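Note that the structure is a prediction, hence the values are computed from the model and not measured. Values reported hereafter were calculated over all heavy atoms of this structure, with side chains retained and with hydrogens, waters and symmetry mates removed.
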Amino acid sequence: MPHLYFSIIIPVFNRPNEIEELLESLTQQTDHGFEVLVIEDGSTIRCEEVCKQYENLLNLKYFYKPNSGRSETRNYGMERASGNYFVIYDSDCIIPPAYFEIVRKSLTDNYVDCYGGPDSADQSFSNIQKAINYSMTSLMTTGGIRGASKQKEKFSPRSFNMGVSKAVFEKVGGYKNMLGEDIDLSIRIKSAGFKTTLIKDAFVFHKRRVDLQKFYKQVNAFGKARVLLHRMHKGSLKLVHLLPMFFVLVNIALVVLSLFFLNPLWLTPTAIYAFALFTESLVKNKKIIIAFIAIATSFIQLFGYGLGFISEWISKKTSKATQEELYG
């Protein structure tokens with residue numbers, strides 16, 4: 001295995017404050033064997049001045065290009081990278097100090113051409129950010145498909161925290177301009193015979209959206225993307241992907257039955273599930289307010305995804321994402 005030199009690829013669209021936090025976290029790394037490529041995708045609010053502040057602290061390259069979407073922007077960065085292993089982050093991530101030390105050790109001990117890591121919430125995050133993080137990572141809401149599960153073979157790397165070798169990029173190509181582009185790439189990587197893995201300790205702090213309406217739009221797009229991926233890659237749809245749809249249908253049925261029979265006891269299963277969410281979130285976050293918010297964000301996550309899945313399944317139209325959805 002050649003010596004690993006990482007190229008960090010960061011697409012950004014109108015988010016200079018996020019980039020500053022991400023770059024600052026990269027200066028704190030215990031392993032400095034990397035370069036950083038920030039690719040501005042036609043932003044009207046540029047982060048070039050922020051990047052200039054870190055030119056003497058990081059091996060940093062800044063690029064500005066016309067707007068074309070996040071997928072093509074990542075590909076643009078990988079085409080210009082000088083490393084032999086590419087690491088892709090979303091701009092709203094903060095990287096723990098030992099991240100690259102952990103990744104280098106893992107790849108040295110057991111090399112794979114593609115890895116992914118989970119996401120977490122930093123103590124500095126707001127209550128809503130922590131509640132959203134809980135909803136997107138809990139086994140009770142996503143089934144562990146975003147890194148909470150210990151079954152590495154079921155994990156598909158996601159591009160908020162994903163690494164691919166240069167050899168993968170040269171053989172498989174980059175991201176397609178579509179919803180679910182990271183899962184599509186993971187499937188194509190596996191189909192090409194490359195090994196992928198979850199590096200459990202290589203997590204990032206993912207700030208996510210703080211606007212619940214935008215959060216709903218994002219998870220709704222995820223649900224639509226899963227149907228699109230099923231049409232492109234037969235066999236990629238698993239039972240865990242159907243659970244939000246069943247959640248929506250069951251809860252709608254329970255509400256209808258409670259109204260029809262004028263008996264709120266029909267809503268008991270929903271109440272029990274909400275209490276379970278509250279309890280688990282309280283144990284994890286140790287704050288009652290976050291536990292209450294987590295009930296709301298979990299229902300938003302499940303209903304948003306489930307309704308997106310159902311609407312795309314019925315309409316049979318290829319979904320297209322807006323900039324807001326893509327840059328979540």
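- Aromatic ring centres of Y273 and F247 lie closer together than 6.0 Å.
- For the pair S258 (side chain) and L267 (backbone), a donor-acceptor distance under 3.5 Å is absent.
- Between the CZ atom of R158 and the CG atom of L198 there is a distance of 11.5 Å, given to the nearest 0.5 Å.
- Here N127 contributes atom CG and I290 contributes atom CD1; the two are 4.5 Å apart, rounded to the nearest 0.5 Å.
- Other residues, nucleotides and ligands contribute over 12 non-hydrogen atoms within 6.0 Å of the OH atom of Y64.
- Residues Y62 and V12 have side chains not in contact (no heavy-atom distance under 4.5 Å, counting atoms from C-beta outward).
- With respect to E49 and K52, a salt bridge is recorded, a charged nitrogen being found less than 4.0 Å from a carboxylate O.
- For the pair S186 (side chain) and D182 (backbone), a donor-acceptor distance under 3.5 Å is present.
- The two residues C47 and V38 make their nearest non-hydrogen contact at SG-CG1, 3.9 Å.
- No donor-acceptor distance shorter than 3.5 angstrom exists from the side chain of N84 to the backbone of K166, with no hydrogens or angles considered.
- N59 and Y5 form a side-chain donor-acceptor contact under 3.5 Å, judged by distance and modelled atom types alone.
- No hydrogens or angles considered: nothing links the side chains of N133 and H206 as a donor-acceptor pair under 3.5 Å.
- The closest donor-acceptor contact from the side chain of S126 to the backbone of Q129 lies under 3.5 Å.
- Residues F86 and I183 do not share a hydrophobic cluster, clusters being chains of Ile/Leu/Val/Met/Phe/Trp/Tyr side chains in contact below 4.5 Å.
- The aromatic ring centroids of F299 and Y216 lie 6.0 Å or more from each other.
- Put simply, the side chain of Q28 never gets that close to the backbone of S25: no donor and acceptor are under 3.5 Å apart.
- No donor-acceptor contact under 3.5 angstrom links the side chains of S71 and N177, judged on distance only.
- Remark: the Q301 side chain and the S298 side chain contain no N/O donor-acceptor pair separated by less than 3.5 Å.
- Going from atom CD1 of I289 over to atom CG of N285 covers 11.5 Å, rounded to the nearest 0.5 Å.
- Using modelled atom types and a 3.5 Å distance limit, the side chains of D113 and Y111 yield a donor-acceptor pair.
- There is no path of hydrophobic side-chain contacts, each under 4.5 Å, that joins L185 to I199.
- Centroid-to-centroid, the aromatic rings of F6 and F100 come within less than 6.0 Å.
- Ionic pairing of D201 and K105 is not present here: no N-O contact between side-chain nitrogen and carboxylate oxygen is shorter than 4.0 angstrom.
- Tracing side-chain contacts under 4.5 Å through hydrophobic residues (I, L, V, M, F, W, Y), one reaches F246 starting from V256; they form part of the same cluster.
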* Between K195 and K190, is a side-chain contact (heavy atoms from CB on, under 4.5 Å) present by the stated rule, with each step listed? -> CA-CA 6 Å; K195 290 183 179 180; K190 293 176 183 177; over 6 Å; no

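- Counting only N and O atoms by type, the side chains of Y54 and E24 include a donor and acceptor under 3.5 Å apart.
- Listed for the S7 side chain is a donor-acceptor partner under 3.5 Å among the backbone atoms of G83.
- L22 and M162 are not part of a single hydrophobic cluster, where members link through side-chain heavy atoms under 4.5 Å apart.
- Because its NZ or CZ atom is both nearer than 6.0 Å to the ring centre of Y175 and within 45° of the ring axis, R74 counts as a cation-pi partner of that residue.
- Other residues, nucleotides and ligands contribute only 12 or fewer heavy atoms inside 6.0 Å of the CD atom of Q123.
- For the pair R80 and Y76, the cation-pi criterion (under 6.0 Å, within 45° of the ring axis) is fulfilled.
- A distance below 6.0 Å separates the ring centres of F203 and F205.
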* Stepwise, does the side-chain contact (heavy atoms from CB on, under 4.5 Å) test hold for L58 with H32? -> CA-CA 9 Å; L58 297 165; H32 296 280; 5.6 Å; no

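- Here the straight-line distance linking atom OG1 of T142 with atom CE of M136 works out to 7.5 Å at 0.5 Å rounding.
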* To do: Could you walk me through whether F160 and V204 pass side-chain contact (heavy atoms from CB on, under 4.5 Å), step by step?
  => CA-CA 8 Å; F160 61 80; V204 300; 4.1 Å; yes

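- A salt bridge between D41 and K65 is present, with a side-chain N of the basic residue lying under 4.0 Å from a carboxylate O of the acidic one.
- Nearest heavy atom pair, residue V164 against residue C114, reads CG1-SG, 3.9 Å.
- The CG atom of N75 lies 10.0 Å from the CD atom of E181; values are rounded to the nearest 0.5 Å.
- Tested against L60 for a side chain to side chain contact (heavy atoms under 4.5 Å, CB included), the candidates L23, L26, L37, I8 yield a single pass: L23.
- Taken to the nearest 0.5 Å, the CG atom of L212 stands 5.5 Å off from the CD1 atom of I132.
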* salt bridge (charged side-chain N to carboxylate O under 4.0 Å, His left out) evaluation trace for K217 with D211 -> CA-CA 10 Å; K217 290 181 179 179; D211 184 314; over 6 Å; no

* To do: Could you give me the CA-CA distance, side-chain angles and deciding distance for F13 and I39, then say whether side-chain contact (heavy atoms from CB on, under 4.5 Å) is met?
  => CA-CA 9 Å; F13 180 74; I39 302 93; over 6 Å; no

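- In summary, E18 and K207 do not engage in a salt bridge, as defined by a charged side-chain N under 4.0 Å from a carboxylate O.
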